[in-house]
Amino acid sequence: MRIIEPVHFEHHTKRRDKKHSRHFVRLILALLIAVVLVLFAGLRFLSPDLGSRPVAKELTFPAKKISLTWPSYGQSAVGARGYKVLAAHGADTPLPTASIAKVMTAFAVLRQHPLALGEQGPMITLQASDVQLYNDYLAKNGSTVAVQAGEQISEYQALQALLLPSANNMADSLAIWAFGSISNYLSYANGLSQTIGLQKSHFADASGFSPDTVSTAKDLVLLGESILLNDVMSQIINQTSADIPVAGNIKNVNFALGIEGINGIKTGNTEEAGGCFLVSAAHTFPNGQKIVAVAAIMGAPNLSTALQDSLPLLKSTYAGFGTIMIASKGETVGSYSVPWQGQVPLEAKSDAKLFTWQGDLIKAQPALEVLRVPSNQGDAVGTLSASSGIVQVSTDVVLAKAVSKPTLAWRIKDIFRL
């Protein structure tokens, strides 16, 4: 009979136990890896956008060709309050401004000594030197208002005398009162002109009687838009007459006031400058939209021609304004590229219509936020905006469909795509 040694049995048992232990360890490791994988997949996507990429669609609206009724002489330009220069015609070279220069004089004086509507401002005592200015301009056949030594006139009344009958002597008197001397005034006025963007203007006097005071039609439009921001200036240039000390009742030499909405600004007329007209006009469109157009005409044969030619120029300017549909309600304006869901379209929540000058290129592009997940259909994720001049329009950009969280299975698969 064969006898089995006990030591051999114990050896086989130990080998089997070791094998089972290795299987158990592998199982535990696999379970741990699975748990870690699930935890990693779940915790990896804690970012609010979960890797989504926004794609914004740029909307472009080309400029339209606007047919404007330009005068055949000199140079002209048109603009509108808040829009700057819209279009120009003729050589952009400096020409004498004549009395339109008084607009800068009034503008500078009001910056130095501001007035609010209804205020007369400080009283100015006129001297013998002011009477001499009156006599000097009278001898040169310049426009004037009568003054007396010792006369008391308010700042507001002096501005009326400057802008309505276009008194050359009051231009000098006001400039000296406000700045101490004509030299000081000119230094200030030329600095101010650069500040408001008048790149080709130069002021050699306060009245514009000098042919060395020059500007361009473009610059004058910018000047006109600037002064229309001042309530006192806007009020005075729209007055047909006023009563002031000594001179009595004075008339506005802008005879186009009230025609086709014209509410200012200033005429000019000298031998060197010819007829010049800086004009503003308020216009209301059938849809209720309003603008204040500004036009400048320089180098006309005479002042009457400049006044007459401003009317068709203004009318053609109005025709250049219209409504641009930036986006219709429900129109696709972009998308989110969502890794587990594909492209999610973005829509305009409402119509976005921009009433503006149609001669400019208009661009609009959505400003999109980080996509929050999950999100519902119709959730706002940004805005679509467009602007032109002082006009701006915007609408919310919303999700065209809901965005759900990625499934755990997708997250695990995505780990192996890293």
Side-chain angles (χ1 to χ4, degrees), residues 97-186 188-189 203 205-210 213 227 230-258 263-270 278 303:
T97 67
S99 289
I100 295 178
K102 296 183 176 75
V103 174
M104 174 57 82
T105 306
F107 188 41
V109 168
L110 280 169
R111 286 174 68 94
Q112 192 79 346
H113 298 279
L115 292 178
L117 283 176
E119 291 182 346
Q120 285 291 315
M123 298 302 294
I124 303 169
T125 302
L126 299 182
Q127 311 292 331
S129 57
D130 296 297
V131 176
Q132 186 60 51
L133 288 171
Y134 166 76
N135 290 328
D136 290 344
Y137 278 111
L138 196 62
K140 292 184 286 189
N141 202 29
S143 54
T144 58
V145 290
V147 295
Q148 291 178 355
E151 173 188 345
Q152 294 280 308
I153 187 171
S154 70
E155 178 185 352
Y156 186 87
Q157 291 170 327
L159 289 167
Q160 289 176 309
L162 170 70
L163 295 170
L164 273 59
S166 195
N168 292 308
N169 59 311
M170 193 56 72
D172 288 359
S173 291
L174 261 176
I176 293 169
W177 169 76
F179 296 94
S181 68
I182 293 295
S183 177
N184 289 345
Y185 162 72
L186 294 177
Y188 182 89
F203 295 89
D205 67 350
S207 65
F209 195 81
S210 168
T213 291
I227 68 102
N230 186 287
D231 292 337
V232 172
M233 282 282 287
S234 297
Q235 183 184 66
I236 292 175
I237 59 177
N238 195 29
Q239 294 171 344
T240 56
S241 64
D243 292 312
I244 64 172
V246 180
N249 187 258
I250 54 176
K251 306 292 185 183
N252 196 329
V253 294
N254 180 3
F255 302 116
L257 277 178
N263 55 12
I265 298 177
K266 189 74 187 70
T267 61
N269 186 30
T270 63
L278 176 59
L303 180 56

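Note that this is a predicted model, so its numbers are computed, not measured.
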- prompt: Heavy atoms, side chains only, cut-off 4.5 Å: are E155 and L110 in contact?
  reply: yes

Pairs touching residues 97-118 that satisfy ring pair (Phe, Tyr, Trp, His ring centres under 6.0 Å), sequence neighbours left out: H113-W177

- request: Please round to the nearest 0.5 Å and tell me the distance separating atom OG1 of T240 and atom CD1 of I250.
  value: 10.5 Å

- line: Sorted by chain and residue number, the side-chain contact (heavy atoms from CB on, under 4.5 Å) partners of S241 (sequence neighbours excluded) come out as N249, K251

field: Heavy-atom pair with the smallest gap, counting every atom of I244 and A161
entry: CD1-CB, 3.8 Å

field: Closest contact, heavy atoms only, A175 versus I182
entry: CB-CD1, 3.9 Å

task: State, yes or no, whether a side-chain contact exists between V147 and V246 at a heavy-atom distance under 4.5 Å.
output: no

Distance in Å, I265 CD1 paired with M233 CE, rounded so as to fall on 0.5 Å steps: 7.5 Å

field: Any residue meeting side-chain contact (heavy atoms from CB on, under 4.5 Å) with Q235, in chain and number order, not counting sequence neighbours
entry: L117, Y156, Q239

task: Measure the shortest side-chain to side-chain distance between I227 and I237 over non-hydrogen atoms and say whether it is less than 4.5 angstrom.
output: yes

task: Applying side-chain hydrogen bond (donor to acceptor under 3.5 Å, both in side chains), name anything that partners E151, two or more places apart in sequence or on another chain.
output: none

Output a table of donor-acceptor pairs, distance under 3.5 Å, between side-chain atoms of residues 162-171 and any protein atom two or more places apart or on a different chain; print 'none' if there are none.
from : atom 1 : to   : atom 2 : distance (Å)
S166 : OG     : S99  : OG     : 3.1
S166 : OG     : K102 : NZ     : 3.3
S166 : OG     : K266 : NZ     : 2.8
N168 : OD1    : K102 : NZ     : 2.7
N168 : ND2    : S143 : O      : 3.1
N168 : ND2    : S143 : OG     : 3.4
N169 : OD1    : V145 : N      : 3.2
N169 : ND2    : V145 : O      : 2.9

query: Of all residues at least two apart in sequence or in a different chain, which pass the side-chain contact (heavy atoms from CB on, under 4.5 Å) check with T125?
result: Q127, Q152

query: What heavy-atom pair brings T270 and A98 nearest, and what distance separates the two atoms?
result: CG2-CB, 3.8 Å

task: Please name all residues satisfying side-chain hydrogen bond (donor to acceptor under 3.5 Å, both in side chains) with D130, sequence neighbours left out, ordered by chain then number.
output: S173

- line: Between the CD1 atom in I176 and the CD1 atom in I124, the distance rounded to the nearest 0.5 Å is 11.5 Å

query: Looking at residues at least two apart in the chain, or sitting in another chain, which of them share a side-chain hydrogen bond (donor to acceptor under 3.5 Å, both in side chains) with D205?
result: S207, T213

- prompt: Looking only at heavy atoms, which two atoms of G121 and L115 are closest? And how far apart?
  reply: CA-CD2, 3.3 Å

message: If the condition is side-chain contact (heavy atoms from CB on, under 4.5 Å), which residues does N135 pass it with, not counting sequence neighbours?
response: V131, Q132

statement: CD (Q157) and CE (M123) are apart, to the nearest 0.5 Å, by 6.0 Å

message: Under the rule for ring pair (Phe, Tyr, Trp, His ring centres under 6.0 Å), what residues qualify as partners of F179, not counting sequence neighbours?
response: Y185, Y188

- request: Rounded to the nearest 0.5 Å, what's the gap from CG on L126 to CD1 on I153? Could you check?
  value: 6.0 Å

- request: Using the test ring pair (Phe, Tyr, Trp, His ring centres under 6.0 Å), find all partners of Y137 that sit at least two apart in sequence or belong to another chain.
  value: F209

query: Looking at CG of L159 and CD1 of I236, how far apart are the two atoms once the value is rounded to the nearest 0.5 Å?
result: 5.0 Å

